[in-house]
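Down below is the structure, laid out as structure tokens.
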Amino acid sequence: MPAKPHRTIRLKDYKPASHEIDSVDLDINLEPEKTRVTARLKMRPNPARETLADKLVLVGQGLELVEVKLSGRKLGAKDYAVTADSLTIKAVPEKPFTLEITTICNPQANKALTGLYRSRDMYCTQCEAEGFRRITYYLDRPDVLSIFTTRIEADAEAAPVLLSNGNLVESGKVGKTGRHYAIWHDPFKKPSYLFAMVAGKLAHIRDTFKTMSGRKVELRIYVEPGKEDRCGWAMDSLKRSMAWDERRWGREYDLDIFMIVAVSDFNMGAMENKGLNVFNDKLVLASPETATDGNFESIEAVIGHEYFHNWTGNRITCRDWFQLCLKEGLTVFRDQEFTADERSGTVERIAAVRGLRAAQFPEDAGPLAHPVRPSSYIEINNFYTATVYQKGAEVCRMLQTTLGLDGFRKGMDLYFERHDGEATTVEKFVACFEDACGVDLKQFMLWYSQAGTPELVCSLRYDTKSQTAELTVEQSLSPSPGQPKKKPYQIPLRMGLIGSNGQDIELQLEDGSEPRDGVIELTRAREKIRFKNVPSKPVASLLRGFSAPVNLTFDQSVEDLEFLMVHDSDLYNRWQAAQTYATRVIINSMKSAKATTQPGLELAMALRHTVSDESLEPAYRAQFMSLPSEPDLARQIRSNVDPAAIHEARDRVLKVVGQELAELLQQLYERNRAKGTYSPDAANAGKRSLRAAALSLLVRRGLPADITLAAKHFGEARNMTDQLTGLGLLADIAGPERTRALAAFEKQWSGDLLVMDKWFAVQAMSDLPDTAEQVEALLRHPLFSLHNPNKVRALIGSFAQANQLNFNRPDGKGYQLVVSSIIELDGFNPQVAARMLGAFRSWQTLEPGRRKLASKALETVRSHPGLSRDAYEIVTKMIGSEE
Ligand code: PHE
Ligand code: ZN
């Protein structure tokens, strides 16, 4: 039975709301299964409305309506109409009025984790994008901004802490009922998606921050009692975020208190609710024993991200959900810049590009491709994507590259000045840069409307006689769903020409001008750029710092790549040269598996120089020796992908590299041992990552001594970073060491659910042949639960999205396993189920055997009765574009 079609929402159909809401008074009476909410809305017709305002349609879901009063008068059943997702008041006056609505909802039964729900014993809310309608009937859309006052009442023992947005204005007991209440008032207008409320048994840590204008802000992080000692890093990150936003962008915090609450059951990473951020606990809680360096880094980045939303998202919000990148792309860009400034710019850039290529490029190349600003959707929750977030951030970065740091800052200043307090659009955002810098960004706007990753094909010709170098660049863009034909982009191409002495040659264009910071602005489908006064044949370094989200094809010799790996002044491109080189070696070795020379010998030699260069940061050198992943290689191969063949070829090459560099790797491993107590800072983390990279290449050799070393690394670990490095390596090696390590880890950490997520993930990512069976067994492990999204991501997500080899097992076992879990999950948490389905986004690039099995698995999902709208949209797009 085919799932029923769902309504498509389109950007071009946007219309202003019929009414404005001047203020909202919420009265939330918490009971596990019957929470009573009264909303008093002061409303008036919207002057910008395009329709009559003689009736009012509010949205609501899963609500039991108790009573409606219009300007004090109780309405009878004839005065309104209720459907499964709306409440229509048939006649309202075309002047200001108040509406008082009382409803009941059931937080205990809410397993979708949107709206008001319970996480363990806590009450919490998640309203973005459309969760507020599960709390009360409302104009639940981002362009309706209002002032919220929230009264929360609950059992004083079950929920001693009551929190909402803004400032606490009153609290006290409710007679002798055993209940108590708190009233919060948020003086800033906000859309309903930024509303939050939390209640429960919570402990907190506190600190203060003095803003640049001298105001004192109270900072609090709330957690389950007993976890307070794991909040220090989050607090430290918060204070550094606040200071950085002032320093770098002149943005100051605006309320007297800023609160973060960590919850265990959360669909996403975190949420920027005004003054009351709600976080997935894995992005708050950290101690050296329980969190890895990577966890510490993500906590810093996400704390920053949500905090930065206060200006880019909350003070200035989105007019409609099509504008999501306006807040998300920009805020990711801001958090990336924060990480770059706090840590290392190059290492951050490499990480961001790895992430973009791993998550966004395949999205852009497959059936789920959509522009940074989509023009239609069925379920908005499906559009919190790598394209909106990461590519959206790249678009902001390109603006900064094109306009320069100062020009970009001027545009941002104007944006804050012009649009503070508004719900606005991408056009208005870009217009600020045009106005502040006096430039025309019409062509640039195509980055928001066209999907797909542009291909740049470059070639370089040198003419000795005239001493000129000529770069030819062609850009092209293949069709994507709904977009058969595309226009050329404006692309900032940062580049350099390097002389035989290894030094950059001053770039001089034909007209004598010098490109600023080495940036050439491409605007046409094909262009030639001529550089004069080039004394000898140069080596070109193109797309430095990955100045645009494109695929670059540039026919470079192995010698040129080796030269760049050693000499490029742009460290990002040195790393890129190594990646390109390694990719070439591995893919060539797939084509001729019986080649006489050992593939990887020259690669090892080429890597040696940089890896052993003590003047470079350890974290950078660790990145340098982390060779392309299996999905990286699959992306280069593009069609008829055989994941097993990729795995084998990569293994073969890495083994040779491990053997060739063994001595150096052993030295790195020994010399970078951390001294003293653990510190999560970038320098110390960098050393650990260098040791881990060295160890992981060494282990590739597969010698008994290597396995012993990995086991020793695990056994002697004094922090989670080292412990997990050891466990991850052993997880790929069948034998007693593996069994012992997994058992020891489980025994040590079975009381800590967050740490156990790592134990699930490590097994799901193993390349051993029975991994699918292991995952199947782990689904029945007593600590596993489909109701906890972190568990789902750790076990099913890691297997489907980070284990290319075993998810794509040739007998289809991987697909079946994932699909049956997704179907079960979709029954109560469609948002996470739909996200998991994304694992299939590249199924059409597989070789025919696997393609057929994947298609069958997707068909099983599509034909499942009662499929959610979320899963329906993803699965139909995924299958649909095959014709
Ligand atoms: N707005 C959140 C962020 O990126 C993401 C989010 C979306 C969280 C929807 C929950 C639900 O910061
Ligand atoms: Zn965000």
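Every number for a ligand or one of its atoms is a count from 1 in the order of the listing.
Of the possible donor and acceptor atoms, none in the side chain of T136 sits under 3.5 Å from a partner among the backbone N and O of F132. Judged purely by atom type and a 3.5 angstrom limit, T331 uses its side chain to pair as donor or acceptor with the backbone of T312. Between the Q108 side chain and the N110 main chain, no donor and acceptor come within less than 3.5 Å of each other.
Looking only at protein heavy atoms, the nearest one to atom 6 (C) of ligand 1 is M268 CE, 3.8 Å. Scanning all protein heavy atoms for the shortest distance to atom 11 (C) of ligand 1 gives Q126 NE2, 3.2 Å. In terms of protein heavy-atom proximity, atom 8 (C) of ligand 1 is closest to A270 O, 3.3 Å. E128 O, 3.6 Å is the protein heavy atom nearest to atom 9 (C) of ligand 1.
At least one N or O atom of Y389 sits closer than 3.5 Å to an N or O atom of ligand 1. In terms of polar-atom proximity, Y384 is not counted as a contact of ligand 1, lacking any N or O under 3.5 Å from an N or O of the ligand. Any N or O atom pair closer than 3.5 Å counts here, and Q831 shares no such pair with ligand 1.
Between K201 and M122, every side-chain heavy-atom pair lies at or beyond the 4.5 Å cut-off.
Checked for salt-bridge contact, D207 and K239 meet the test: a charged N lies under 4.0 Å from a carboxylate O.
Atom-to-atom distance recorded for R230:CZ and I221:CD1 is 14.5 Å, nearest 0.5 angstrom.
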